Structure formats: C-alpha cells, structure tokens
Protein chains: 2
Amino acid sequence: MRSKGFEGMACSIAAVMGAIGDRWGMLIMRDLLLGIRRYDDLRQSSGVTNTTLSDRLKLLEENGLVERRRYQTRPERFEYQPTGRGRDLGLLMQAMVQIGDQWNLSNLEGPPLDFMDRRTGQGVKLITVNRETSGPVERDHLGVRPGRGADALMTWRLSRGSERAESSAVRSGQSQGADYPAVRDDHSSARSP
Amino acid sequence: MRSKGFEGMACSIAAVMGAIGDRWGMLIMRDLLLGIRRYDDLRQSSGVTNTTLSDRLKLLEENGLVERRRYQTRPERFEYQPTGRGRDLGLLMQAMVQIGDQWNLSNLEGPPLDFMDRRTGQGVKLITVNRETSGPVERDHLGVRPGRGADALMTWRLSRGSERAESSAVRSGQSQGADYPAVRDDHSSARSP
DNA sequence: TGACTAAGTCTTATTATGAGAGTTATCTGC
DNA sequence: GCAGATAACTCTCATAATAAGACTTAGTCA
C-alpha cells in the first residue's frame, strides 16, 4: 500500500514529501539538479534498482517535478530533466546538505558537496530573514502560527503543541516545549480532530 | 526490503533522508517540532497507523533524532521529544513550507503554516547568503563543487552532470544543463563508478 | 561476428503497510 | 462498584512495494 492520505492534507510539508514520494525520489531529484539526465546514469549515481527508478520517474513526472523528453529516435532514447517546480527543490537540497554536513554521520573530513557562489567561488549558506526587511532572524526567536490555509487539524496541532509545552512537560522541568512555539490565533480552539 | 545502502553513501542528502526514514518520519518530526509530545497525539495529528508510528519512533530514536522519556510510572507513560539533532530539521521544515506554499498543490487561500519572528510578529523566509560576508546570493549564481569529503562517486556525478549540460543536451537546444553547475576541480575525473 | 549501449520490462522472494482488534493498567463519573 | 475513558502500545492478516538480477529491443562499434 503506497499512501493513505498525503493528498488531502492541508500541510505544505506533506505536499512536498508526497510529491517527492520517498528518499529514492529525493536522490533522483538531487542527481537531476546536479545535471544528470540519462536513465542509466541516474541508476548508477543513486544505486537504485530498475524497478524503483522506473516507478519513481513516472511518479515524479506525474507530480510535475520531472519532464521526460525524447532526444533521439531509432532507437528511441529519453532523458529526464527537472521542471520549474522540480527546480524549486534546490532549496530543500541546500537545507539537507547544510544539516547533513553539520551532523557528519559518516565521519568524513569535510562536506561531500559544497554549494558556492560561482562568481566569487565563496561558500554559501541558508539563513532565516524577515520577509520584508530581509534582516536576519535568530532560531530562538522563530515561532509559528496557523496561516489562512490552515484547517481544523492544523489549528488543533498548533494549539495542542503549545498546550503540552506549558503543562505536564514543563512542570516536570525535564521536557522542553515546541521548537517553534505557536502564537495563538484569536479563533484557534483545541477541539479534537 | 527496507533499504539497500543509504548508510555508506558519502552524501549529506542521503544521510538526512536515511535518518528521517520516509515521509511518515518527516511528518512525525514536524509534529514533534511543533510541540506535540504524546503517542496518541502524534497518531491523530499525522494520521499514521499504529504499526508505522511505533516503528518510526523507534527508528528516529535509533538515529538520534528523538528521545523517548517516561513522564510517569504506574502506569508507565512515555513522551517523545526531538534531540538537538532532531531540532536541526527545523531548517528542512522551513524549506518545505516555503516550497510547498509556493506550489500550493491543494489550492488553498493561503499557507497552512506561517513561520514568523515571535518578537515582531512579522513573517520570515529562507535565503542563500555568502558564508563569510552574509551578503545575499541569487539562485542563478549558485554552483556546486566536490568538497573534501567527496568520494569517487560524488566526483563522477558532478563531472557527469556538467558533461551532459555541455554536449548532446545543449546541442539540441532543448535541454537545460545542471541547475547547480559544477565547478571543475583540478583533480576531478570522469571515471565510471 | 561478438561485444556493448540505452532504456527499460519481467520474475520471484522478501519485506512493509493499512486497517483494525486486542491488551494492560489506571483513573473518572455516577 | 462498575461501565467507560485514557494512554501506549502489540498482534494479525491481506495486500502492496522492494531488491536482485535476468531478459528485451534496436541499434552502434571494432
């Protein structure tokens, strides 16, 4: 059974994960964004099996992240390239590289992949800034609130999240609250989903 | 069969995806970062089944992203909270929200989740900046190169990526090259993996 | 001729998943 | 004092997905 309900979820995180499919989908998108175009190259680069690669490419195409294009006839040969939407996932890739490099799970002597400014050759990183002023915002100051597209479940999730952070968890002095404390909306209620 | 070789890959993207496990793992991390702590709340919030939630929580704990803590005895009750490493995934969450909001696959009238600066209440976003000067870097100027932790496969991947971008693909005038064009290293070669 | 390339499909055994029932220990309301 | 609720799971079963790798098709290369 592939999925249960990633489609109807009012959550951008679920939407993005649903579109990518799984970690194989993500590795394939990584390779495409790095410029790999051919089926066999994708297979060798990611180490995925034929069955899964074939399936994921179809899925990514259906989800509008990848375009399949015939680059020669007789025999027919196809290549795959990211669409505009697929290219948006570059941000995700940067975030993963930044986090993974920090963790360094494989105990490497440096990052495997180094993002940089092509003009200057200098390294780059992702930071959080104010949407209007572009001034930097520290992680400790970040919060979250239901947006206009939030449904009852999202509202419940956020209020439940801040609830726990203030009751048993904090009383015991051991547990920490939400990493992105919810800022309560006027119309937020804590009904069960 | 769960996975083939996500462990030995010299790639931060694979490392992060491997640690999260799959999209259910990501939804669980989302909920934990929003402050949800209890098993039943996680289940209701994410819509995951018991079997999968139980399995994923163990996996996330093994991977050091989540900590299981007894908050009461008789009867024993446990809660789950993100570790420091788990908290790093907040950046990933922000990236997904930013991308998913842009796509708006569910045709909502606004974002479901709104990240902001708690001090001012103003919205925030992720941008790419120079690692030293903190000056903004445009997407079109981004490139990539093998870092010190790159293995033969990563080097091959990057050189193959820029190869395709310059040969058949561009010759035909239809295909575009890598979104993050590789900057060639002096010691990069194009041997097969 | 034989080897090789590219882009897959097909087969089989193993593993994961969804749905939901069952379990254990305790607390709450009446 | 006992039905029902709560919390955090485990168990079962039918179905779906996966890994490994053999096979296919239509050419090119030496």
Side-chain angles (χ1 to χ4, degrees), chain A residues 1-8 17-18 20-25 27-28 31-32 36-61 66-81 160 163-164 167-169 192-193, chain B residues 1-8 17-18 21-25 27-28 31-32 36-61 66-81 160 163-164 167-169 175 192-193:
Chain A
M1 292 168 187
R2 156 138 262 153
S3 83
K4 207 173 40 168
F6 266 69
E7 296 76 36
M17 287 305 287
I20 295 171
D22 66 349
R23 55 225 179 122
W24 291 119
L27 285 199
I28 293 166
D31 290 341
L32 292 174
I36 300 220
R37 292 286 175 269
R38 305 284 175 84
Y39 182 92
D40 265 27
D41 287 343
L42 288 169
R43 195 161 49 80
Q44 296 204 56
S45 174
S46 61
V48 73
T49 61
N50 275 326
T51 326
T52 306
L53 176 56
S54 181
D55 181 80
R56 287 305 175 282
L57 284 171
K58 276 173 198 144
L59 202 142
L60 292 169
E61 198 187 0
V66 163
E67 205 187 316
R68 186 178 191 257
R69 210 175 66 80
R70 188 175 59 220
Y71 68 89
Q72 85 174 30
T73 42
R74 313 184 40 203
E76 287 198 316
R77 290 287 178 268
F78 302 91
E79 64 177 10
Y80 298 88
Q81 55 180 310
R160 174 52 63 107
E163 218 175 89
R164 292 293 188 207
S167 60
S168 69
S192 159
Chain B
M1 291 172 186
R2 154 140 264 150
S3 86
K4 207 173 40 168
F6 266 69
E7 297 77 36
M17 286 306 287
D22 67 349
R23 56 223 179 125
W24 292 117
L27 285 199
I28 292 166
D31 290 341
L32 291 174
I36 300 219
R37 292 285 174 269
R38 305 285 175 84
Y39 183 93
D40 268 26
D41 287 344
L42 288 169
R43 194 161 51 79
Q44 296 204 55
S45 174
S46 61
V48 73
T49 61
N50 277 325
T51 326
T52 306
L53 176 57
S54 180
D55 181 81
R56 287 305 175 284
L57 284 171
K58 276 173 199 145
L59 202 143
L60 292 169
E61 198 187 0
V66 163
E67 205 187 316
R68 187 177 189 257
R69 208 175 65 81
R70 188 176 58 219
Y71 68 89
Q72 83 174 32
T73 42
R74 312 184 42 200
E76 288 199 314
R77 290 285 179 268
F78 302 90
E79 64 178 10
Y80 298 87
Q81 56 179 309
R160 174 53 61 108
E163 219 175 89
R164 292 292 188 210
S167 61
S168 68
S175 168
S192 159

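As the structure is a prediction and not an experimental result, all values here were calculated from the model. Keep in mind that the numbers below use all heavy atoms, side chains included, and drop hydrogens, waters and symmetry copies. Just so it is clear: chains get the letters A, B, ... in the order the sequence lines come, proteins before strands, and each one is counted from 1.
Across all strands, A:Thr51 comes closer than 4.0 Å to base atoms (heavy-atom distances). Using a 4.0 Å heavy-atom cutoff across all strands shown, B:Arg43 reaches no nucleic acid atom at all. Looking at heavy-atom distances under 4.0 Å, A:Arg70 makes no contact with the nucleic acid at all. Using a 4.0 Å heavy-atom criterion, one finds that B:Phe78 contacts the sugar-phosphate atoms exclusively.
Where A:Asn50 and B:Lys58 meet DNA chain D, the nucleotide closest to each residue was compared, and B:Lys58 sits on the side nearer the 5' end. Checking A:Arg77 against A:Ser54, the closest nucleotide of DNA chain C that is more toward the 5' end is the one next to A:Arg77.
Distance CG (A:Leu57) to P (C:dA7): 11 Å, rounded to an integer number of Å. The distance from atom CG of A:Asp22 to atom P of C:dA16 is 14 Å, rounded to the nearest whole Å. Across the protein-nucleic acid pair, A:Leu27 atom CG and D:dA19 atom P stand 11 Å apart, rounded to whole Å. Rounded to whole angstrom, the span from the CG atom of B:Asp55 across to the C1' atom of D:dA8 amounts to 16 Å. Atom CG in A:Asp41 sits about 10 Å away from atom C1' in C:dA6, given to the nearest Å. Taking atom CZ of A:Arg23 as the reference point, atom P of C:dA16 lies 10 Å away to the nearest angstrom. Straight-line distance from the CD atom of B:Gln72 to the C1' atom of C:dT26: 9 Å, rounded to whole Å. Following rounding to the nearest Å, A:Glu61 (CD) and C:dA7 (P) show an atom-to-atom distance of 14 Å.
Evaluated for a side chain to side chain donor-acceptor pair (under 3.5 Å) with A:Glu79, the options A:Arg69, A:Arg70, A:Arg37, A:Gln72 yield exactly one hit, A:Arg69.
For D:dA19, the OP1/OP2 oxygens have a side-chain nitrogen or oxygen of A:Thr52 closer than 4.0 Å. Applying the 4.0 Å criterion to OP1 and OP2 of C:dA7, one finds that A:Tyr71 has a side-chain N or O inside that range. Put simply, B:Thr49 has no side-chain N or O that comes within less than 4.0 Å of OP1 or OP2 on C:dG20. OP1 and OP2 of D:dT10 both lie 4.0 Å or more from every side-chain N or O belonging to B:Tyr39. Considering only side-chain N and O atoms, A:Trp24 lies nowhere under 4.0 angstrom from the phosphate OP1 or OP2 of D:dT18. In terms of phosphate contacts, B:Tyr80 brings a side-chain nitrogen or oxygen within less than 4.0 Å of OP1 or OP2 of D:dC9. The shortest distance between the side-chain N/O atoms of B:Arg68 and the OP1/OP2 oxygens of D:dC9 is below 4.0 Å. Side-chain N/O atoms of B:Arg37 include none lying less than 4.0 angstrom from OP1 or OP2 on D:dA7.
Taking the side chain as every heavy atom from C-beta outward, B:Leu53 and B:Leu57 approach each other to under 4.5 Å. Inter-residue side-chain proximity for B:Tyr80 and B:Glu67 is flagged as unmet; no heavy-atom pair is nearer than 4.5 Å.
Among the nucleotides D:dG27, C:dA6, C:dT26, the one closest to any side-chain atom of A:Asp40 is C:dA6.
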*Going through the checks in order, is the salt bridge (Lys or Arg N to Asp or Glu O under 4.0 Å) test met by A:Arg68 and A:Glu61?*
CA-CA 7 Å; A:Arg68 186 178 191 257; A:Glu61 198 187 0; 5.2 Å; no

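Judged by distance alone, with hydrogens and angles left aside, the side-chain atoms of A:Ser46 form a donor-acceptor pair with the main-chain N or O of A:Leu42 at under 3.5 Å.
Salt-bridge check for A:Asp40 with A:Arg43: passed, with a basic side-chain N closer than 4.0 Å to an acidic carboxylate O.
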